[in-house]
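Written below as structure tokens is the structure these notes are about.
Below, chains carry the letters A, B, ... as their sequence lines are ordered, and counting in each starts from 1.
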Amino acid sequence: MSVEQQPHGTPNAPAIGPETGHAHGELAHAGPDHGHHELPFWKKYIFSVDHKVIGIQYAVTALLFLFFGFTLMMMMRWQLAYPGRPMPFFGRFFSDNVMPGGVMAPEFYNQLGAMHGTIMVFLGVVPLAVGGFGNFVMPLQIGAPDMAFPRLNLLSYWVFVPGGIIMLASFAMPGGAAQSGWTSYPPLSVIASSGQTAWLFGMIFLITSSLLGSINFIVTIVQMRAKGMTFFRLPFFVHAQLVTSFLLLLAFPPLEAAGILQLMDRLAGTSFFLPTGLVVSGEALKVAGGGSPLLWQHLFWFLAHPEVYVLILPAIGIVAEVIANNTRKPLWGYRLLVYSIIFLGFMSFVVWAHHMFMTGMGTTMSTFFQTTTMIISVPSVIVVTCFLMSLYGGNIRFTVPMLFATAFLPMFAIGGLTGLPLGLTASDIYLHDTFYVIGHFHYVVAPGTLFALFAGIYYWYPKATGRMMNSTLGKIHFWWSFVSINFVFMPMFFQGMAGLSRRLYDPTVYAHGRGVQPLNVVISWAAWSLGLAQIPFIINFFMSLKNGARIAENPWNATTLEWMAPSPPGHGNFLTEPIVYREPYEYSVPGAKQDFSPQFVAEA
Amino acid sequence: MSETVIPYMVKPNPVTGIPNGKFAIWLFLASEVMLFGALFSSYVLLRTGAPHWPPEGGLSSEILNVPLATINTMVLITSSITMVLSWASCKLGDLRKFRMWMASTIALSFVFLVIKYFEYHHKFELGHYPSHDNFYAIYFTLTGLHGIHIIGGIIVNTFLLTIGTRMWKTDPEHFTNRVENAGLYWHFVDLVWIFLFPALYLL
Amino acid sequence: MDETKYGWWLPVDVSVHGARIDQLISVVHWFMLLLFVGWGAFFVYCLIKFRARDGHQATYNPVKGIFTKYIEVAVVVIEVFVLFGLSTPVWFAYKNHPPAEKDAVTIKLVAEQFAWNFHYSGKDGKFGRTDSSLMSGDNPLGLDPDSPEGKDDIVTVNQMHIPVHKPVIIQITSKDVIHSFNIPVLRVKQDTIPGQRIPIWFEATQTGHFELACAQLCGLGHYRMRADVFIDSPEDYAKWEADNTPPPAEAPAAEAPPAPEAPAVPAPEAK
């Protein structure tokens, strides 16, 4: 711990708002500059062991991947809105293999679909939510000088990067990238072109990176909390990261096992997932057989269901922070929330087969899994209820992070509620693998998780850079995105209700697809509009680095420990050893001098 | 390079009673349990789904070389003992003995791999590759993955025996912790084999 | 095909069991809407009532959560009702009570990239022997030309004829990858798993011309893996059956190469 007794703004002083904090900010900025100024550039910014630098690296890389994954989808949306029409302007940049005459080829469409899913989940949202925010915020919130294993942290980022590069490079392979969906169901994935092998190797890198990261997170949270930081004084975000880390730690190895088995099937000619007597394109497949295609699905969903909670839990954590800060009152049902997400974590390991109701499973097994699925909906309902109740009696400031966090609530509710008919076997008969499913999980992860992540970016950007983001541009970004994204995903429920299957290159092949084709045009234009809506964000993100208003430690008048450190915090994070005196969200305490009583201030 | 001092790297955290490294190794082993657990489950599923096991007929114990595997089991158990002794030597402050026991552990690991090599070689000579049928697929995948874990252990242990020993002078307690953590990992690898041996060779 | 049958909501239901699925979907959606509107009203109320403004302050003490407890309990009760009152019975009926084989039309279905091969037993009610080692472009099912039961079998590609008002059992499998047998208007869906033969059954209530769509990504031709579904009146069905029964001289697989004596791989048969 760098206990350097320096005269700096006492934490007891009322925090200075964004407009008035200039002088103070300079002071704080100059304060922690010890120990790392002699580091060469590459050690400071590229191979840094500082959790904050690694967190920012993760976040920026993940944002780039998110944008790339979204671009893939914007291309697919052309084909879906106008099947078989040459893509204007952009079509000419692609080779005739993938876009003959500017028209997307079906196999290219499948590649885009598979890679969109993979990139968004494994290279976008998880690295941003866990690698980015987890790394940057969590050690600060628990009052630790860094992660428990800084070099392991560095390693986990630099294992993640090659995983991403392999995934991207697979587009250049003969036969293109993986095209069997992000779920990679065998036998299709086993007989697919070499892009699938790259996908599997890429996944093994990403899994390894996640494992290293999750071990580091758990050890840090358990071992390195500041004095007085008891379990129930941890900010909710830290609880969310802890549960998430356990999910990653225990759910990813089975996927790694499955990946190894599928690699063996592809490279060593084994038949783990290939049953006896396969005939592909009129020719018997020369393998021993005796395997089980469903084995993959079990192993895959054993990971991928907890993975859903890996996507959503950090988002819930961020929303909790932002809501508590902007309603200026304690989070309603903080302990209930903690218990709920722990329960969610446990339950997420026993619901996986609800993705497999249509594989011909017996009634005992399906009843078990639909019951667990209904049970897991209860803590989700509790989470939403707690957040709604937290609004009641508040003094709600509609800052940009709060706009995104408030929007998260109805969006997450839609996503969660529409999971209900999918979790019930009987209605799933009809809705399984339709666009209803696409609408459902996108409501959870796009306007749900992604909005929460945007809230997090706007909320912690000042901590990371020492400057505020522009609030007008932020509001434009929010409202434009919010309207567009609902026009993207809401029509999908109607398409799904009409029976339209997912992953169709040309939905107009089917009469029921032709019925809802006008909606595809709406969705596509909304998706492109959503793409444009990110421009204010990108401008804001870079411009504020130079032009944002300088701020002091605590621009939001928040209570948690990260706001005690200078903005941006130096190596070692805190200038004085943080000591925690109270619960995390003590806002508007009766009799207090101000409407927030930080955890790190003895007398408030 | 960095002045940031991470607490509980060497001394145990008063709440959990263990230092960071040991905690991390236990978490790592938990994930390893899930990895091998998933593979064992796959084995059980494929085996129960097959009309006959091994698919080509006969018994596992006739196809695989039980005597060699029994020797290998002995070798690994012995190496676990020498691993414990090397850690105990560190605790007692006897670096010379540590070197001796650690060297024996590494030597025994190599013996294991050499025996494994002969087993594999024999199968390949018969033309029995992983693609032969799911019995061989499981056999090669599980023992191969276990072999990679052995190699990982050899690398860690060799590091501790050579370059890593430098820490003995500066921070013997930290070094002892490292040996202990490597030992935990090594016992796990040993334990996996104890499961693999009957599951693959005998049942 | 009659395009007017398809709108932005559930298409027409022409199956016996489908009504209960539709009922479940409708009940669940009303429940969802109720919950969402309730939450939404409270949400909007809070956003307006408790917005930050001069002279307004947040209250530190949490409001009592009696009301939320009621909501949570209500949610649990409704979910239990939907689960055990509506979903499970439908699913059990759908899965556990196959019609008697003698009253039903049994069809074997083999999916492949990217076609649906239907195998009807013909007049004798017995299926000819099939073997995956006999599969070829001309003989997608691997029907054994020497099998006496197979002489009158009808094989169709991407054309499914079924009689109305009569239970239909379909034995579903695939010869290559996983597909999914999905007829929206009949409210049936079943993945086709290579190496497994999974039976499903249903009974149509209306005649008409509908579609079968593949619901599981199966490769580049997934999107065009459709089949026409004809639900025929009993007379039409009998006529179709008679018209398509191969004359004895021209068994559908007569020109296929002779079968090997001992097939290397046993055909996946009904369990």
Review point. Measuring from A/Ser214:OG to B/Leu27:CG, what's the distance to the nearest 0.5 Å?
Key: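 Going from OG on A/Ser214 over to CG on B/Leu27, the span is 8.0 Å.
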
Exercise for review: Kindly compute the distance separating OH (B/Tyr43) from CZ (A/Phe272), expressed to the nearest 0.5 Å.
Suggested key: 11.5 Å

Please list, one pair per line, the donor and acceptor atoms closer than 3.5 Å that link side chains of residues 246-264 of chain A to other protein atoms, with sequence neighbours excluded.
from, atom 1, to, atom 2, distance (Å)
A/Gln262, OE1, A/Gln196, NE2, 2.9
A/Gln262, NE2, A/Ser184, O, 3.4
A/Gln262, NE2, A/Ser189, OG, 3.1

Interchain contact, [X] with chain A, by part (heavy-atom threshold 4.5 Å):
{"X": "B/Pro55", "value": "neither"}
{"X": "B/Ile25", "value": "neither"}
{"X": "B/Tyr129", "value": "neither"}

Exercise for review: Please answer whether the main-chain N or O of B/Pro12 pairs with a side-chain N or O of A/Gln223 as donor and acceptor at a distance below 3.5 Å.
Suggested key: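 Absent.
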
**Study point:** Sidechain-backbone polar pair: B/Asp133 side chain, A/Ala288 backbone, donor-acceptor under 3.5 Å
**Key:** no

Exercise for review: Please test A/Met224 against B/Asn20 for side-chain contact (heavy atoms from CB on, under 4.5 Å), starting from the C-alpha separation and ending with a verdict.
Suggested key: CA-CA 9 Å; A/Met224 296 183 40; B/Asn20 295 346; 4.0 Å; yes

So which atom in [X] and which in [Y] form the shortest heavy-atom distance, rounded to 0.1 Å?
{"X": "B/Leu46", "Y": "A/Gly290", "result": "CD2-O, 4.1 Å"}
{"X": "A/Ser292", "Y": "B/Leu45", "result": "OG-CD2, 4.0 Å"}
{"X": "B/Ile6", "Y": "A/Pro150", "result": "CD1-CG, 4.0 Å"}
{"X": "B/Ala137", "Y": "A/Thr270", "result": "CB-CG2, 3.5 Å"}

**Study point:** Under 4.5 Å from a heavy atom of chain B, the part of A/Val222 involved
**Key:**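 Both backbone and side chain.
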
Point to revise | Structural part of A/Leu299 lying under 4.5 Å from a heavy atom of chain B | key: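 Just the side chain, heavy atoms under 4.5 Å.
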
Review point. So which of A/Val219, A/Asp146, A/Leu152, A/Leu211 has the largest heavy-atom pair count under 4.5 angstrom toward chain B?
Key: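 Top option by heavy-atom pairs under 4.5 Å: A/Val219.
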
**Study point:** A/Pro145 and B/Pro7, any side-chain heavy atoms less than 4.5 Å apart
**Key:**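 Side-chain contact under 4.5 Å: yes.
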
